[in-house]
2 protein chains.
Amino acid sequence: MDNLKISAAPSIRRLPSYLYIIRNMQREGEEYISGTAIAQELNLVSVQVRKDLSITGIKGHPKKGYPIEPLIGAIEHFLGWDSLQDAALVGVGNLGSALLGYQGFQLHGLNIAAAFDANPKKIGTTVHGIKIMNAKTMDIQIRNFGLKIAILTVPSTEAQNAADTLVSAGIEGIWNFTSVKPKVPDRVVVQNEDLSSGFALLCIKMRNR
Amino acid sequence: MDNLKISAAPSIRRLPSYLYIIRNMQREGEEYISGTAIAQELNLVSVQVRKDLSITGIKGHPKKGYPIEPLIGAIEHFLGWDSLQDAALVGVGNLGSALLGYQGFQLHGLNIAAAFDANPKKIGTTVHGIKIMNAKTMDIQIRNFGLKIAILTVPSTEAQNAADTLVSAGIEGIWNFTSVKPKVPDRVVVQNEDLSSGFALLCIKMRNR
């Protein structure tokens, strides 16, 4: 299963950028979009785009390309983004604040419904329209909200503690921005986000020019 | 070439997390680390880890694993992270500020040497120890500093304009956090960072549990 996940991951990672381009074309009044057009926008080869899109189950017309509305529907449905998913954000530091203010998430099915911090100076304040709650009440609040997804942006030293609380509160998926990989039960999914991975790719591409 | 890049990209993306784990082991006084140990930390299969590490040219000992110091050296050298690379950051909004304060970059060979914004209220202020300069002087400052890498965190509507200025100032690599894919000459590398791509993976993994 792990192997399967790994092999499909690059395709899944590209779907949000496809969605962005396809939505722009729709706004311009287009009804069809070709794999080649998407590929050009993203500097990919078109066979890659068609292969990636095929994992959503959609089929393109040989000449016209993909019908835009069903294509958007297929990607959103595949990703589970056809309805907004509520999430908790834990740790309102620099990165946490930035994510609270990130406009793109709502477009991608993600709604940050609650934010937590341990700093008394932050508790009760409002950041980008979201009231910061006391991290000590996290367990009960997450249960009350019925949240299943958490975004982890605490300092690395706090990551395992916070993850333990999230798991006991019923969280099923953790989007982890810390450099620690928290240990969680098998039923909980952890997606590690390493900001340096994109920089690694940039460095290699610059060297290979 | 594009195809080659795409097929190696997932391996390259994982190298920074390997580096993090290997450095931790080194701090604990270990001299060797096995692919299996790294794999366990990151919930990967060990054959994947060994395959990823092989792109740096390092070879492990059949029983002891990889010698830690040469392994760190091989990864850093492969990524070009054995010396700090200076970069400009353009657009000191929420995300830009967060990146200025991100401690992990220095560990990964990245030093943000200059930051620019167009907002008169921000120009001249200091954010996480870096003085914000007037975006209008970006061209000349980037030349003065001799910078080759830029981090693009402006609003999407400003992305193409900013990229044009960066290119004319001699920037060779753009780490792009906007949702626009700026058009640049072939000699300039653009690495698009889409924060939603990690969320897409989390959603799929939660569904596939």
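On a predicted model such as this, the values are computed, not experimentally measured, just so you know. Note that these values count all heavy atoms, side chains included, but never hydrogens, waters or copies made by symmetry. Residue numbers start from 1 in every chain, and the chains themselves are labelled A, B, ... in the order their sequence lines are given, proteins ahead of strands.
Judged by the 6.0 Å distance and 45° axis criteria, R207(A) is positioned over the aromatic ring of F78(B). Y66(B) does not carry R50(B) over the face of its six-membered ring by the limits of under 6.0 Å from the centre and within 45° of the normal.
With a threshold of 4.5 angstrom between heavy atoms, L195(A) approaches chain B through its backbone and through its side chain. Of the two parts of V127(A), neither the backbone nor the side chain holds a non-hydrogen atom closer than 4.5 Å to a non-hydrogen atom of chain B. For chain B, the nearby parts of E172(A) are the backbone and the side chain; heavy atoms of each come within less than 4.5 Å. With a 4.5 angstrom heavy-atom cutoff, L15(A) does not touch chain B via any of its atoms. Of the atoms belonging to Y102(A), it is side-chain heavy atoms, and not backbone ones, that fall under 4.5 Å from chain B. Heavy atoms of I149(A) lying under 4.5 Å from chain B belong exclusively to its side chain. Only the side chain of L99(B) comes within contact range of chain A, with heavy atoms under 4.5 Å apart.
If you tally non-hydrogen atom pairs under 4.5 Å between each of S197(B), S156(B), G93(B) and chain A, the highest count goes to S197(B). Options E41(B), H108(B), K181(B) differ in how many heavy-atom pairs under 4.5 Å they form with chain A, and the most are formed by H108(B). Contact count versus chain B (heavy atoms, under 4.5 Å) is highest, among L79(A), N24(A), L100(A), for L79(A).
Residues M138(B) and M133(B) are not in side-chain contact: their nearest non-hydrogen atoms beyond the backbone lie 4.5 Å or more apart. N94(A) has its side chain out of reach of S97(B): every pair of non-hydrogen atoms, C-beta onward, lies at least 4.5 Å apart. Counting heavy atoms from C-beta on, the side chains of Q141(A) and L147(A) never come closer than 4.5 Å.
Evaluation of the ring-ring contact (aromatic ring centres under 6.0 Å, His included) test over residues 158-178 of chain B, restricted to residues two or more places apart or in two chains, returns F199(A)-W175(B), F105(B)-W175(B), W175(B)-F177(B).
With respect to the salt-bridge test (charged N to carboxylate O, under 4.0 angstrom), the residues R23(B) and E28(B) do not qualify.
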